[in-house]
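Worksheet: one structure, shown below.
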Amino acid sequence: EEGAQMMPLLAQAETMVGPILSNLGDSMVMASSIERPFSADSTRTVNAISIKNTEELTKAVQTTATNFGLKSREFQGHTIFSSDAGGMISTPSIGLGAGYVFIGTDASVEDALRLATQPEGLAHEESFKKAMATLSNDGIAYTWMNLADTIEWFQWKDENRRGILEQRY
């Protein structure tokens with residue numbers, strides 16, 4: 001009986017997310033950055049998923065985004081869907097451009113769209129190239145980080161946790 005009650009909900013979910021999922025590609029990247037000087041907002045993280053069909057995905061996201069109160073805006077020739085509602089829990093922004101859908105905060109999505117169209121970046125950094133050269137093609141996931149920057153950030157964050165909490169809340 002419970003299964004029968006769930007079927008209409010599953011059908012509705014399929015109608016909403018099916019067109020989105022069917023237009024996503026098979027690669028995903030999660031990128032984080034740490035900006036200096038350190039502050040409560042120094043870290044930014046964005047998830048990027050490749051797109052099979054940008055036009056179809058844009059239509060599907062436009063429909064779904066409206067249902068979640070997200071508004072679209074143009075950003076450097078790309079589209080960002082975001083919410084202007086405040087609160088303790090923020091709705092992630094969604095950016096479409098450069099062959100990817102980017103998911104994160106407004107600032108991280110804007111940074112990702114800005115960087116995605118520039119030829120320089122992490123791929124030209126020597127330490128990254130050296131690390132990538134050691135990897136095989138049969139892995140499903142890899143992680144690379146600047147460990148020294150990460151440790152410095154966490155140390156600063158620990159030493160300033162009270163101020164960070166006061167600033168955010």
Side-chain angles (χ1 to χ4, degrees), residues 17 20-21 23-52 54 57-58 60-62 64-65 67-132 134-135 139-169:
V17 298
I20 293 173
L21 295 176
N23 285 295
L24 295 177
D26 59 3
S27 70
M28 180 176 167
V29 176
M30 184 180 103
S32 296
S33 63
I34 302 171
E35 295 182 1
R36 293 176 185 264
F38 293 148
S39 72
D41 299 318
S42 282
T43 58
R44 293 187 177 168
T45 300
V46 68
N47 292 290
I49 305 169
S50 61
I51 298 173
K52 290 179 188 173
T54 303
L57 183 64
T58 301
V61 170
Q62 180 75 55
T64 304
N67 293 336
F68 286 98
L70 301 177
K71 296 184 173 111
S72 68
R73 63 183 170 91
E74 188 275 335
F75 179 78
Q76 296 185 353
H78 307 294
T79 305
I80 295 178
F81 298 90
S82 57
S83 171
D84 53 10
M88 292 282 283
I89 300 173
S90 62
T91 304
S93 295
I94 301 167
L96 299 170
Y100 285 86
V101 56
F102 298 95
I103 304 165
T105 64
D106 256 356
S108 63
V109 169
E110 287 177 0
D111 286 349
L113 286 167
R114 214 179 277 114
L115 292 170
T117 56
Q118 295 179 4
E120 66 278 342
L122 186 58
H124 299 296
E125 198 169 301
E126 280 307 312
S127 59
F128 180 75
K129 287 195 297 190
K130 189 186 266 187
M132 291 302 291
T134 66
L135 302 177
I140 59 167
Y142 298 105
T143 298
W144 180 87
M145 73 172 63
N146 182 323
L147 191 56
D149 283 352
T150 304
I151 290 170
E152 277 185 62
W153 159 247
F154 279 110
Q155 182 178 3
W156 181 89
K157 185 178 169 185
D158 183 55
E159 292 168 357
N160 295 278
R161 64 185 170 274
R162 182 177 300 274
I164 291 170
L165 285 171
E166 288 170 358
Q167 183 179 348
R168 288 192 177 158
Y169 308 107

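The structure places CH2 of Trp153 at 10.5 Å from CZ of Arg36, a figure rounded to the nearest 0.5 Å. Note that the CG atom of Asp149 and the OG atom of Ser33 stand 10.5 Å from one another [nearest 0.5 Å]. Atom CD in Gln62 sits 10.5 Å away from atom CG in Asn67 (nearest 0.5 Å). In this structure, CG on Asn47 lies 6.5 Å from CE on Met30, to the nearest 0.5 angstrom. Between the CG atom of Asn146 and the CD1 atom of Ile34 there is a distance of 7.5 Å, given to the nearest 0.5 Å. The CG atom of Asn160 lies 11.0 Å from the CD atom of Glu166; values are rounded to the nearest 0.5 Å.
Put simply, the side chain of Asp111 does not reach to within 4.5 Å of the side chain of Val46, judged on heavy atoms. Looking only at side-chain heavy atoms (C-beta outward), Glu126 and Lys130 stay at 4.5 Å or farther from each other. At least one side-chain heavy atom of Ile20 sits under 4.5 Å from a side-chain heavy atom of Leu57. Ser108 has its side chain out of reach of Phe102: every pair of non-hydrogen atoms, C-beta onward, lies at least 4.5 Å apart. No side-chain heavy atom of Val101 sits less than 4.5 Å from a side-chain heavy atom of Phe81.
With a 6.0 Å radius and a threshold of 12 heavy atoms from other residues, nucleotides or ligands, Lys71 has its NZ atom at or below the threshold. Counting non-hydrogen atoms of other residues, nucleotides and ligands closer than 6.0 Å to CG of Asp26 gives a total of 12 or fewer.
The minimum heavy-atom distance between Leu113 and Gly95, with the atom names listed, is CD1-CA, 4.3 Å. Shortest non-hydrogen contact noted between Thr150 and Met145 is OG1-SD, 3.9 Å. The nearest pair of heavy atoms linking Met28 to Ile49 is CG-CG1, 4.0 Å. Between Ser82 and Asp106, the closest heavy-atom pair is CB-OD1, 3.2 Å. Minimum heavy-atom separation, Val61 to Leu96: CB-CD1, 4.4 Å. The two residues Tyr100 and Ser50 have their closest heavy-atom pair at CD2-N, 3.4 Å.
Side chains of Thr79 and Ser72: no donor on one and acceptor on the other come within 3.5 Å.
For Thr117 (side chain) and Arg114 (main-chain N/O), a donor-acceptor pair under 3.5 Å exists by modelled atom type. Formation of a donor-acceptor pair under 3.5 Å by the Glu159 side chain with backbone atoms of Arg161 is not found in this model.
Using a cutoff of 4.0 Å between basic side-chain nitrogens and carboxylate oxygens, Glu110 and Arg44 are not scored as salt-bridged.
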